[in-house]
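First the structure, in the form of C-alpha cells, and then the observations on it.
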Amino acid sequence: MWPTPASRAPASSPYKPCVVQSVMRCLSKRLTQPEVPAERHRRPFSCPWGAPADLPRGAPNIEPLFDRLLIFRSDRRNPPELSERYGPVYTLHLGSRPVVVLCGYQAVKEALLDQAEEFSGRGDLPVVFRFTQGNGVVLSNGEKWKVLRRFALQTLRNFGMGKRSLEERIQQEAQCLGQELAQTQSAPFDPTFLISRAVSNVICSIVFGDRFEYQDWSFLTWVGLINQNFQLLSSPWGQMYNIFPGPMSCLPGPHNRIFENFEQLRLFVLERVTMHQESFDPNGPRDFIDCFLLKMEQENQDPLSYFQTETLVMTTHNLFFAGTETVSTTLRYGFLLLMKYPEIQGELRGPGELRSGSKLLSIFYIDQVIGRHRSPSVEDRSRMPYTDAVIHEVQRFGDVIPMGVPHAVTRDTRFRGFLLPEGTNVLPLLFSVHNDPAQFKDPATFDPAHFLDPSGGFRKHDAFMAFSTGKRICLGEGLARMELFLFFAAVLQRFALTPLGRPEDIDISPLMSGLGNVPRPYEFRAVPR
Ligand code: HEM
C-alpha cells in the first residue's frame, strides 16, 4: 500500500505560485489519472520508444496529468511545491514511461549514495538514445559501462600526470582567453562563443591531442553545434521528445535539428579517429583516442571486447559534448551573476572586508594570493576560500544540469518501503537538493555564505550536488572543478566585468530549463584592471 496524492496533507508553501502553474493546477484537477494497478510486467532495461506502458510495482505516487509538465519547469518553486503535495518520492508518467522522482537532499542521498549500486543504472533519455543507441559511457549500462568508465577515468588521470598536466593545458587556454578579452578593448560583446572555444579546447587537447585556433571556422562550427544542441535539449521540444519519443520522431520541428547536429559532430569525431588510426604508434599514445586504440589492439582477439571503433566514437563524442557545454555555461552564468552582484565581484578581488556581524572574516582574495603578474594555479584554491565559495554558489544557484541525468535501478530494489522493479527509471532532481531549505539557509538567494563557515573558511556541503553523487557522479568532476577555478580566477584577475545597463535590471532567471539551465544571452565589457 502506498500513499496517493490525496492522502497527503498539503503543507504550507513558502513559494508563490505563478500564473502558468495556477492554470496547470486547474487543468490537473480535471484530468486526474485513473487508479493504477499495483502489479504489471517488468519493463526490459532499454529505451522504450513506443513501448507499452509498464508500471513499477510499489509506485509511491501517481501524478495528475498536467502536473507532469510542471516538473519540466525546473525553476526554484516547482520541486518544493510538487514534493509538498506528493512527498519527496513520487511517480511521474512521461508518456508511457513511469519515472520515480526523487526530491530534496535526503531522498536523493538515500538513493544515489546509500544504495549506490542499485541506483547506478542509466535511465532512458530517448532524445540522446536515438543517436547513441545506448553506446558510449554516458548512456551505457552494466559491465560495459563499468569498463568504459574505469578506462575513461584512468586515462583522464594519466593525462593529468603526463608531460603536460591538465593544469598547464587550462592555464594556457586561460591565457589565450585573456588575450582575446583584451582585444575587445572594453567594447561590448557576447562572450558565449569565446568562452565555449576556450573551454572546448581543454577537452579537445585531451581527447584529440590538440587545441584549435579561435579563428578556425570549423572549430567555431562544432562549438556552435554543441551550444545549439544544449539549448535544444533544454527547450520544450527536447523535453517533449523525451516524453513522447514515438509521435515526436514523426513530427517536423526544431527537435529534428538535435539529431542532425549530433550526426555532424559524430562525423567530425570519426574523421579524427581515422586520422589517429593512420598515424597510430602503440609505443607513444598521444591522447584519449590513442589510448583507446591501444586498448582495441590489445583486445582484438576478444570478440566480446567493449573496445570497438563505434564505442570509441561515441565515448569521445560524450566527452567532447559534456566537457564543453557544462563548464562554459557555468562560466557564462557565473559572469552574469557577478555583474548582477558587483559587490561580490569586488569582494573576490579584495582588498575589501567581509564581515559576519562585527567580526572580520579571514578571506583571502585574488589580488593578495595571486597578484597581477602570474597565472592562477590549482594550489591557490585552498588559500582562496571566498573564491571557492563563490564558484560553488554559482553552481548551486545556476544548476546547469537541474534534473540530473536519468538513472535506473539495476535490480529489484526496496526503497523507503516501496519496491522498484529492475529497470525502473529514477530522476534525481538535483535542483531540488540545491533548493532544499533544510540544507541551505535562504536557498533562493545567491549568497556565497552558503559555502563559508563562521571564520570565513570554505565550508564543504554534502548537499552540493552539481556533479550529482554516487557511482554515476560526473566523470569530469575533477577536470571541471579545475577549469572553473582557473578560468574564473584568470579572468577576474585581469578584468572588471561590467554590464551595459544597471545591475538591478539584469535578469538571472534561465532562458530555458530542461536537460540544462540556459542563461539568457547578454553582452558585457571586459575592462582591463
Ligand atoms: C560544471 C561542469 C559539469 C557539470 C555541472 C556536470 C554535471 C554532470 C551531471 C549532473 C552528470 C550526471 C551524473 C549522474 O548520472 O548522476 C554528469 C555525468 C557525466 N559527465 Fe559531467 N558535468 C560537468 C563537466 C563535465 C566534464 C568537463 C566532462 C568531461 C570530461 C564531463 C563528463 C561527464 C560524463 C562522461 C558523464 C557520464 C558519467 C556516467 O554515466 O558514468 N562532465 N555530469
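Just so you know, ligand 1 is whichever comes first in the structure, and atom 1 is the first atom listed for that ligand. Note that the structure is a prediction, hence the values are computed from the model and not measured.
- Contacts with ligand 1 closer than 4.0 Å are made by heavy atoms of both the backbone and the side chain of Val138.
- Comparing Leu153, Thr326, Thr329 against atom 2 (C) of ligand 1, the shortest heavy-atom distance belongs to Thr326.
- Between Leu139 and Val128, some side-chain heavy-atom pair lies under the 4.5 Å cut-off.
- Under a 4.0 Å criterion applied to the non-hydrogen atoms of Ala480, ligand 1 contributes the atoms 2 (C), 24 (C).
- A donor-acceptor contact shorter than 3.5 Å is absent between the side chain of Asn517 and the backbone of Pro402.
- In this structure, Arg481 has no heavy atom closer than 4.0 Å to ligand 1.
- Electrostatic pairing of Lys146 and Glu117 counts as a salt bridge here, judged by a charged N lying under 4.0 Å from a carboxylate O.
- At a heavy-atom cutoff of 4.0 Å, ligand 1 is contacted by no atom of Asn318, backbone or side chain.
- Residue Gln395 touches ligand 1 through its side chain alone, judged by heavy-atom distances below 4.0 Å.
- A salt bridge between Glu173 and Arg197 is absent, with no side-chain N of the basic residue lying under 4.0 Å from a carboxylate O of the acidic one.
- Counting heavy atoms closer than 4.0 Å to ligand 1, residue Glu477 contributes nothing at all.
- Using a 4.5 Å heavy-atom cutoff, the side chains of Phe485 and Met384 are in contact.
- Assignment of Val202 to the shell around ligand 1 is not supported, since no heavy atom sits closer than 4.0 Å.
- Side-chain polar atoms of Arg211 and Ser200 form no donor-acceptor pair below 3.5 angstrom.
- Of the candidates Arg149, Arg472, Glu325, the one placing a heavy atom closest to atom 40 (O) of ligand 1 is Arg472.
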